[in-house]
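If you read the sequence from its start, that first residue is 1, and numbering goes on from there.
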Amino acid sequence: MASLWDDLDSLVNSPSSFSAKTGERGTIKPKTNFDAGDDAVALRKAIEGLGTKEKIVIDILTHRSSAQRQLICKAYQEATGRTLVEDLKGDTHGDFEDLLVALVTPPAVYDCHEVMRAMKGAGTKDSVLIEIFASRSNEQIKALNDVYVQETEKKLSFDLKKEVSGDFSKALLLLAEGNRDENTTVDTEKAKEDAKALYDAGEKKWGTDESKFIDILCQRSISQLRQTLVEYQNISGKTLQQSIEGEMSGELEELLVAIVKCVKSVPAYFAERLYESMKGVGTDESTLNRVMVSRSEIDLLDIRAEFKKLYEYSLHSAIESDCGGNYEKTLLKICGGDDES
């Protein structure tokens, strides 16, 4: 596994999913000749008939873009007086229900609800917060914050502060502002300075100055950080990821490593998340759903390619061997193809 994350040669010039526009590398594309009213009628029939005709529901929801699904939700409510979400919840259950609800939820609302769920109840699910805040663009994070205020009348940062503490909290709160520098011009001198500062704050001294790592990794632009990773390896002979793993522990380590991985390759990071969600006994369905749905229109094609490269079997076959029933059928439709050949 390490080898992928240690290869920095192709890094600086490869495209980044942070700037990916919807639709370019996704598996789900908008349907041409789309008619929200027709889809709403078909869904209504499929749901109201005797025994939900799941195949129709799955087909419609996995072959429309998220924006189109929103229009279907609107048409459905106008026609029935009920929301599609309520009816899906009333008619399906378990992981299949969660996945369908995720598909008809607008992306920013879905991200927001995942963050809320991670903060709810005993023990915060830090890995979910780490995944979302390390991998989303400023625009996505701001949209999530807006939804949070609309739904709770409070600022997300205010509630996050109560859930997390210490250096992990500092880093997460910086990311949750969605103010990462977006300049795409790389300043090589600055990258050298930052790399040196990181080296001095970690490898070179007794004890680690975490605040330096947090400042640089949570605020610099993606292109700037890519150059910094290269410079860091030149100075220290190690990758920054290896240094963080050697110097830190706990949630802060997990967060900073996730940032470094996303700086290198968001698709490879998500391929790893998908693999982790399915490996061993039991499946982490909520992670599987979140990654498949939230990346379906952004970079799921690239995630599939990285998955195949990393694990030598396809994402499609991983889902087939790990899931079952209508849940599996829906995930495979989102996945959109098998890379075995």
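- Here CD of E285 is found 12.0 Å from CZ of R290. Values are rounded to the nearest 0.5 Å.
- Taking the side chain as every heavy atom from C-beta outward, L99 and Y327 approach each other to under 4.5 Å.
- Remark: side-chain polar atoms of T287 are not paired, donor with acceptor, to backbone N or O of D284 under 3.5 angstrom.
- Atom CD of E297 is separated from atom CD1 of I28 by 6.0 Å, given to the nearest 0.5 angstrom.
- The existence of a salt bridge linking D159 and K154 is confirmed by a sub-4.0 Å separation between a basic side-chain nitrogen and an acidic carboxylate oxygen.
- The backbone N or O of D302 lies less than 3.5 Å from no partner atom in the side chain of D299, so there is not a single donor-acceptor pair.
- Aromatic pair F270/F307: ring centres not closer than 6.0 Å.
- You'll find the side chain of Y76 reaches within 4.5 Å of the side chain of D87, heavy atoms only.
- Taking 4.5 Å as the limit, some side-chain heavy atom of L174 sits within range of a side-chain heavy atom of Q219.
- Nearest heavy atoms, A75 versus A36: CB-O, 3.9 Å.
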After noting the C-alpha distance and the side-chain angles of E182 and N138, does the key distance pass the side chain to side chain contact (heavy atoms under 4.5 Å, CB included) rule?
CA-CA 8 Å; E182 289 187 329; N138 285 347; 3.1 Å; yes

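- Contact of the K192 side chain with the Q227 side chain is not registered, since no non-hydrogen atoms from C-beta on lie closer than 4.5 Å.
- Each of T27, D59, T62 was evaluated against K333; a single residue qualifies, D59, per the side-chain hydrogen bond (donor to acceptor under 3.5 Å, both in side chains) test.
- Note that CE of M248 and CG of L255 are 10.5 Å apart. Values are rounded to the nearest 0.5 Å.
- At least one donor-acceptor pair closer than 3.5 Å links the side chain of R226 to the backbone N or O of K264.
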Please walk me through it: do D39 and R64 pass side chain to side chain contact (heavy atoms under 4.5 Å, CB included)?
CA-CA 10 Å; D39 283 345; R64 309 290 184 273; 2.6 Å; yes

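- Side-chain contact between L225 and I216 is present, with heavy atoms from C-beta onward closer than 4.5 Å.
- Heavy atoms only, all atoms of each residue included: C335 and I319 are closest at CB-CD1, 4.2 Å.
- The distance from atom CZ of R136 to atom CD1 of I141, rounded to the nearest 0.5 Å, is 8.5 Å.
- Side-chain atoms of Q68 come within 3.5 Å of backbone atoms of S65 as a donor-acceptor pair (strictly under, hydrogens ignored).
- Of the possible polar contacts, one joining the E86 side chain to the T83 backbone as a donor-acceptor pair under 3.5 Å is found.
- Follow the hydrophobic side-chain contacts under 4.5 Å out from V85 and you never reach V147; the two are in separate clusters.
- Nearest heavy atoms, Q70 versus V104: NE2-O, 2.9 Å.
- Using a 4.5 Å heavy-atom threshold, the side chains of K190 and Q224 count as touching.
- The number of heavy atoms from other shown groups lying within 6.0 Å of NZ (K89) does not exceed 12.
- A donor-acceptor pair under 3.5 Å links the side-chain atoms of N145 to the main chain of A176, judged by distance alone.
- Between the side chains of N179 and K142, at least one donor-acceptor pair of N or O atoms lies under 3.5 Å.
- Here the CG atom belonging to L156 is positioned 10.5 Å from the CD atom belonging to E163, to the nearest 0.5 angstrom.
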List the steps and the verdict of salt bridge (charged side-chain N to carboxylate O under 4.0 Å, His left out) for E245 and K238.
CA-CA 11 Å; E245 287 168 343; K238 283 185 179 179; over 6 Å; no

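- No donor-acceptor pair under 3.5 Å is formed between the side chain of E54 and the backbone N or O of N326.
- For the residue pair Y199 / D194, no side-chain donor-acceptor distance below 3.5 Å is found, with atom types taken as modelled.
- The side-chain heavy atoms of V115 and F133, taken from C-beta on, include a pair separated by under 4.5 Å.
- A distance-only check finds a donor-acceptor pair linking the side chain of Q242 to the backbone of T239 [under 3.5 Å].
- Across M116 and Y148, no two heavy atoms sit closer than the pair CG-CE1, 3.6 Å.
- Smallest separation of non-hydrogen atoms from I132 and E114: CD1-CB, 3.8 Å.
- Considering only heavy atoms from C-beta on, L172 stays 4.5 Å or farther from D126 through its side chain.
- The CZ atom of F34 sits 10.0 Å away from the CZ atom of R69 when rounded to the nearest 0.5 Å.
- Note: the hydrophobic cluster containing L103 also contains V101 (ILVMFWY, side chain heavy atoms under 4.5 Å, direct or indirect links).
- Hydrophobic clustering (side-chain heavy atoms under 4.5 Å, transitive across Ile, Leu, Val, Met, Phe, Trp, Tyr) groups V257 together with V260.
- Both I334 and L100 belong to a common hydrophobic cluster when Ile, Leu, Val, Met, Phe, Trp and Tyr are linked at side-chain heavy-atom distances under 4.5 angstrom.
- Heavy atoms from other residues, nucleotides or ligands lying under 6.0 Å from NZ of K155 number 12 at most.
- Within the 3.5 Å criterion, the main-chain N or O of L217 finds a donor-acceptor partner in the side chain of R180.
- Using a 4.0 Å cut-off between a side-chain N of Lys or Arg and a carboxylate O of Asp or Glu, E276 and K279 qualify as a salt bridge.
- Minimum heavy-atom separation, V266 to R295: CG1-NH2, 3.5 Å.
- Here D181 does not pair with R220 in a salt bridge; the nearest charged N to carboxylate O distance is not below 4.0 Å.
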Verdict with reasoning, Q140 to L144, per side chain to side chain contact (heavy atoms under 4.5 Å, CB included):
CA-CA 6 Å; Q140 288 171 310; L144 184 173; over 6 Å; no

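- Grouping the Ile, Leu, Val, Met, Phe, Trp and Tyr side chains by contacts below 4.5 angstrom, directly or via other members, places F158 apart from V149.
- Side chain of S317 to backbone of Y313: no donor-acceptor contact under 3.5 angstrom is found.
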If you apply the rule side chain to side chain contact (heavy atoms under 4.5 Å, CB included), what do you find for R117 with K125, and how did you get there?
CA-CA 8 Å; R117 220 169 45 143; K125 292 185 185 61; over 6 Å; no

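- By the 4.0 Å N-to-carboxylate-O rule, K212 lies too far from D209 to be salt-bridged with it.
- S221 and N183 share no donor-acceptor pair across their side chains, judged by distance under 3.5 Å alone.
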